[in-house]
Protein chains: 2
Amino acid sequence: MKADISKDDATPTLDDVARKAGVSTATVSRCLNNPDRVVEATRARVMEAVKALEYTPNFAARVMAAKRTFTIGAIIPTMDNAIFARGLQAFQEALHARGYTLLVSSSAYRPDVEEEQIRALVARGADGLLLIGHDRDAPIYEYLERQKVPALAAWSFMEDGQIPSIGFDNRAAMSALAKEVIRLGHRRIAMISGISQGNDRARERIEGLKDALRESALDVDDLEIIETTYEVENGAEAFTQLMSRDVPPTAVLCGNDVLAVGASLGAKRLGLRVPQDVSITGFDDIELARITSPALTTVHVPHREMGRKAADALIDMVEGKKKVVSAKLETSIKKRHSLGPCPGTNDDPDHP
Amino acid sequence: MKADISKDDATPTLDDVARKAGVSTATVSRCLNNPDRVVEATRARVMEAVKALEYTPNFAARVMAAKRTFTIGAIIPTMDNAIFARGLQAFQEALHARGYTLLVSSSAYRPDVEEEQIRALVARGADGLLLIGHDRDAPIYEYLERQKVPALAAWSFMEDGQIPSIGFDNRAAMSALAKEVIRLGHRRIAMISGISQGNDRARERIEGLKDALRESALDVDDLEIIETTYEVENGAEAFTQLMSRDVPPTAVLCGNDVLAVGASLGAKRLGLRVPQDVSITGFDDIELARITSPALTTVHVPHREMGRKAADALIDMVEGKKKVVSAKLETSIKKRHSLGPCPGTNDDPDHP
DNA sequence: ATTATAAATGTAAGCGCTTACACTGACGAG
DNA sequence: CTCGTCAGTGTAAGCGCTTACATTTATAAT
């Protein structure tokens, strides 16, 4: 009795499908990629064979031959935090709608790790890359250019960056919020920021606050800023530190909502009421901002819109449709309850 | 004047490196993959060429030839929610430490999307897959088996599942929490659960509550359960609904922290104090649970440990080291402030 | 019917890498 | 001095797919 050679336990290949359908591999390939270049009857036969064999194209082989992966990579600073979650979810949905798959990896806010991940994704054939912000060394942009992998920056807007961006003006947004704080009578203002090194969003937000201070003729040198990593507990600690000063601030602006929630927590521990004793503001308007109490006055960022637009723009770049795609999205101040008039001020501008 | 053929603008290949170093492609390949099989002097020369050319191996080609990708795929129900974030972060870190890359995609809690993503990741050559829970149709497991792609389930433990799991006993954990609730005098108990269809974690948690009820000789039929998707606002709405009953519950157990925070929010809107008027509990112990007020009494799940162990177990499976790796992790009840004695009960068992 | 033209399909050459196998030369044993 | 051994390299055969080009077949115009 002969061994049954055809007992094919391995995963079927294009060749198997072709043989089964009685056509050439080219035809099978066309059925899968350009169905309209194959006559109906043949296509039906091929598709049947595909189904019968449960054929799935080998991705690596396809990539190698076609030099396209329909894969977009995204490298975000962290997954362990909701800041990027919503925008990324929208980004993925939009990609999916256009037939692309998203690969996500995180850099832990470390430039060297980010670079490694960029190379890994490019090596894996990502057709395009979504990066957060603009802060990175020139060589990596050159690398991307050499590899001809288009990249787009999000969560930050820069008119003439090395790569186009879909984002918002962190500086102007923070400035607007700070002006509101100042309008409410606050003069002693402090800030808890994320680490600004290698993070243009954080840096721009700081600058925005300074802009507002200057515009109101307040002394920028008086501004105390504590930089810390994005964790609730760190926000609490920084806040405690700030309030231990001889002349503690009456308003603490935070670089993001996570830090602001931490500050809130710090205030609670110190027995301070927000906003009666001290005002706190956030940035990003993640869900957390709404459900914490008091609910955070913060800068609303259109995360979902940003994700969606970034996806469309990036795919356009990948498919070579358009060139310049940068877009500046509008942010707004979301007034909730963590910001109030400066204590000791007689006149609340909103209730004169 | 002849065109300068050697002006190679394209990305360098193994061949280019080999030529530059004056060796064969096999040697270059060996330098990269089995450095000790090449003599020092040659290796140095090759490495120099690699550096000079800024050579990066073509991933697809490597995969195709070697049939290994050093890539692990993970499919989680959603990224738009912190439940999986921490565990996944730990998972990625552990993978990275062992030289693997993580590819994440999300299924939006939809079985059909999950299946699509599984196939996509397998096609992309994932060496192994991390899946959440055990609820999926048999054919997909057969597919995985046929493709010889090992998979591991996390966030759920099942002794004899189709695939091994690194998780915890959702049922026992919820039962333990419910017993605590009952011990505090609560008799009218309700639950807000995630959609249990296709979600074994949600289902097990419901069963756990029922177990506790039965053990305390309470009528399971009296238990009202509202199922809704994991969003804060849905938790609030479900809570409001529950409290509008003729005989509202005195304790509302939630399928997870997000829903519990929503319930809390609902209570606030209704003017109910937690836990004086009504008790609320969560599940998962994500950061949110600690910072919401009142801080949530919830089930603590060792997310980071789970992620780490899952990574190690999965890699062991991929590398064929071990076979059975299932592990049941311990959970604990995290007592905070959202659970109190039943109102109207004279005796608080903790302060008799 | 005949031929020009277009549509459908087949042929086969890679894509860039790994690896089985072949080869070379140095070394120690006999 | 010869031969077997073996470490270090080279040769070349794929891996499974896409696609330019060649070939065949259908369609339309004469």
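Naming convention: chains lettered A, B, ... in sequence-line order (proteins, then strands); numbering from 1 in each chain.
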Exercise for the section: Look at B:T42 and D:dT9 and indicate whether a side-chain polar atom (N or O) is within less than 4.0 Å of OP1 or OP2. Expected result: yes
Exercise for the section: Figure out the CG/P separation between A:D36 and C:dA8, and round it to whole Å. Expected result: 10 Å
Problem - Sugar-phosphate, base or nothing in reach of B:T27, heavy atoms under 4.0 Å - result: sugar-phosphate
Exercise for the section: Answer yes or no: is there a donor N or O on one side and an acceptor on the other, between the side chain of B:Q147 and the main chain of A:T11, under 3.5 Å? Expected result: no
Practice task
State whether A:T13 places a side-chain N or O below 4.0 Å from either non-bridging phosphate oxygen (OP1 or OP2) of D:dC15.
Solution key: no
Handout entry: Minimum side-chain heavy-atom gap A:I72-A:V318 below 4.5 Å
Key = yes
Problem - Nucleotide D:dC17, atom C1' - distance to CZ of A:R30 in whole Å - result: 13 Å
Exercise for the section: Using five pairs at either end of the helix from C:dA1-D:dT30 to C:dG30-D:dC1, determine the angle between the two local helix axes and round it to 10 degrees. Expected result: 40°
Problem - Between C:dA8 (C1') and A:N34 (CG): distance, integer Å - result: 13 Å
Problem - Whole angstrom value for the distance that separates P of C:dT19 from CZ of B:R37 - result: 11 Å
Exercise for the section: Take the protein atom CZ of B:R19 and the nucleotide atom P of C:dG16, then report the distance between them rounded to whole Å. Expected result: 12 Å
Practice task
Whole angstrom is fine here: how far is it from CZ in A:R45 over to P in C:dT9?
Solution key: 8 Å
Problem - Spacing between B:N33 atom CG and D:dG8 atom C1', to the nearest angstrom - result: 17 Å
Exercise for the section: Give me the residues of residues 49-68 of chain B where at least one heavy atom lies under 4.0 Å from an atom of DNA chain C, by number, or none. Expected result: B:Y55, B:P57, B:N58, B:A61, B:R62, B:A65, B:A66
Practice task
Figure out the CG/P separation between A:L14 and C:dA12, and round it to whole Å.
Solution key: 17 Å
Handout entry: Closest heavy-atom pair and its distance - A:A310, A:L130
Key = CB-CD1, 4.0 Å
Practice task
Please indicate whether A:Q197 has more than 12 foreign heavy atoms, meaning atoms of other residues, nucleotides or ligands, lying under 6.0 Å from its CD.
Solution key: no
Exercise for the section: Tell me which nucleotide among D:dG16, C:dT11, D:dG10 gets nearest to the side chain of B:S24. Expected result: D:dG10
